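Sequence lines set the chain letters: A, B, ... in the order given, protein chains first and strands last, and positions in each chain run from 1. If you're wondering where the values come from, they're calculated on a predicted model, not measured in any experiment.
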Amino acid sequence: MSGSMASVALAWFRRDLRLHDNPSWAAATAVSDAAALVVIEPALLSGAGPWRRRAYLAALAGLDQSLRAEGSGLRVAVGDPAEAVPQVAAEIGAQKVTMNADVTRWSTARDQRVAEALDMPLDAHWGTVVHAPGQVLTAAGTLSRVFTPFFSRWIQTPMSEEVEPGSASVLAPPPGMALHDALGDELKEPWSEHDALSQLDRWQERVDGYDDDRDFPAIEGTSALSAALHFGLLSPRHVVASVGTHTPGRTGFVRQLAWRDWYTHLTAENPDIYRASLRLEYDRIVWETGHGADACFDAWRRGQTGYPIVDAAMRELAATGWMHNRLRMVAASFLVKDLLIDWRRGERWFRRMLTDGDLAQNAGNWQWVAGTGPDAAPYFRVFNPVSQSRKFDPAGRYLRHWLPELARLDDKAIHAPWLAKPLDLASADLTLGVSYPYPIVDHAEARQRTLAAYKGALGRNS
DNA sequence: TGGATCTTGGG
DNA sequence: CCAAGATCC
Ligand SMILES: Cc1cc2nc3c(=O)[nH]c(=O)nc-3n(C[C@H](O)[C@H](O)[C@H](O)COP(=O)(O)OP(=O)(O)OC[C@H]3O[C@@H](n4cnc5c(N)ncnc54)[C@H](O)[C@@H]3O)c2cc1C
């Protein structure tokens, strides 16, 4: 019989690095004794670029700090969770292990292996989404392939109650099993749930301007909470509950969190989202390959395409791990629709470099830009990098910050230096081809080429 | 959550 | 000449 309450539980933290409103932690601490475990997985860490790696390690220090504030601490293992989790569970005499589930192919396979290696239950909760996959369905009981109906269902679905940690006494890590033992001099300054919660507090003062300000990279018009959400320093349902929907800015912001849930649900149903177009016919597109394409891809990564808005964005990404949403769309569109390079190559680069890099969100958004996903931008919707630049950075403030070599061009010329009069280039001390590249493609031609390639793929019979 | 191009109607 | 609307990609 399973009637008796487990009295010792192990909470295995993964992408839910907080104690507040954490269903797995609440379940683990509802018994008499609990312990908090993180398993640093070298295979996962090696896929992360410098910014995400740093943020992850800092978030572990933050979780450790939260636990220490309560008199315990985080227990840390390095290696394969299928070995580490059963081992720690046995050491503390646990009767169950709790965790918050994830949706990627990699993590579900890993959790399967861990469950098989354990001689006790591995209880899965949901703590990284507002509504769990399967909770927001059409009348037919399926996941909507169109965002708007998904959103109306999503917003009408009652959120489950936020949960508090229970009263279990929390076991501190034994000697040699603390975070600093695992990390040594890689130990980072803590980035904790309290930091993220105060960032959320500060955002509350600006969220009403979200609708007006969100599209302009030169101003801080968005929350910048994505990394905290990725690592689970914040609970998305707490964020939604505390922001509310009583002004247009708030509704707009909450709507973005619905996109996040939607891509999570789509990934749960289609774990191949990062490698297979969700509309299969788009995998017939013939992408540019070979040396020329490789050189273009490289220029894109390094911010040397000759299109200032793309280059500024790509340089910011490499230098900081951050890129504004508008610029993610512009830079991604440029790779796919101006360079005709497979969206999967760009997806991998973004995911590696972004601090908030997240398989479901990144792959979902790349498929959206490439037109290969459900409810995606139609393929013929091609961003013009110069118009986007003029529209969303009219005074060139963002461009000047990341492209100092263009800083002395006037507000009109800076969006397209190759169109500037020679005199203006000279007086701005700029030599195209030397201090800043000429455009590596002609946008109008590239657009035609891409429309033809897409049309070719879609028109052809299977 | 486009853009290019053409049309129309007002200056 | 330009803004706004329609249409196509
Ligand atoms: C090509 C491309 C790649 C992207 N890759 C990622 C990624 O790897 N990780 C990631 O978290 N977001 C990704 N996004 C979505 C979006 O750009 C970021 O979430 C957003 O810019 C983060 O800034 P913010 O926190 O200030 O967002 P806000 O505008 O303040 O939005 C609030 C929250 O809503 C969520 N959100 C906002 N926009 C989206 C969106 N389009 N799709 C899904 N969730 C969204 C994020 O969690 C965000 O923190 C990508 C978008 C594009 C176009």
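The separation between A:Asp211 atom CG and B:dT1 atom P is 11 Å, rounded to whole Å. Rounded to whole Å, atom P of B:dG3 lies 19 Å from atom CD of A:Glu445. For A:Phe383 and B:dA4, the CZ to C1' distance is 15 Å, given to the nearest whole Å. To the nearest angstrom, C1' of B:dT1 lies 9 Å from CD of A:Gln256. Between the NZ atom of A:Lys337 and the C1' atom of B:dA4 there is a distance of 15 Å, given to the nearest Å. As rounded to whole Å, 8 Å separates atom P of B:dG2 from atom CG of A:Asp215. The separation between A:Gln448 atom CD and C:dC8 atom P is 16 Å, rounded to whole Å. The CE-P distance, from A:Met329 to B:dG2, rounds to 6 Å in whole Å.
When the side-chain nitrogen and oxygen atoms of A:Gln388 are compared with OP1 and OP2 of B:dG3, one or more of them lie within a distance under 4.0 Å. Look at A:Asn384 and you'll find a side-chain N or O under 4.0 angstrom from OP1 or OP2 of B:dA4. When the side-chain nitrogen and oxygen atoms of A:Arg381 are compared with OP1 and OP2 of C:dC8, none of them lie within a distance under 4.0 Å.
Judged by a 6.0 Å distance limit and a 45° cone about the ring axis, A:Arg328 is positioned over the six-membered ring of A:Trp322. Remark: A:Lys188 fails to qualify as a cation-pi partner of A:Tyr56 under the 6.0 Å distance and 45° angle criteria applied to the six-membered ring. Geometrically, A:Arg315 does not engage A:Trp402 in a cation-pi contact, judged by NZ or CZ lying under 6.0 Å from the ring centre and within 45° of the ring axis.
Closest to the A:Trp259 side chain, of the nucleotides B:dA4, C:dC9, B:dT1, is B:dT1.
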Exercise for the section: Determine, step by step, whether A:Arg145 and A:Glu269 satisfy the salt bridge (charged side-chain N to carboxylate O under 4.0 Å, His left out) criterion, reporting the C-alpha distance in whole Å, the side-chain angles of both residues, the deciding distance to 0.1 Å, and the verdict. Expected result: CA-CA 11 Å; A:Arg145 299 253 134 196; A:Glu269 276 198 2; 3.6 Å; yes
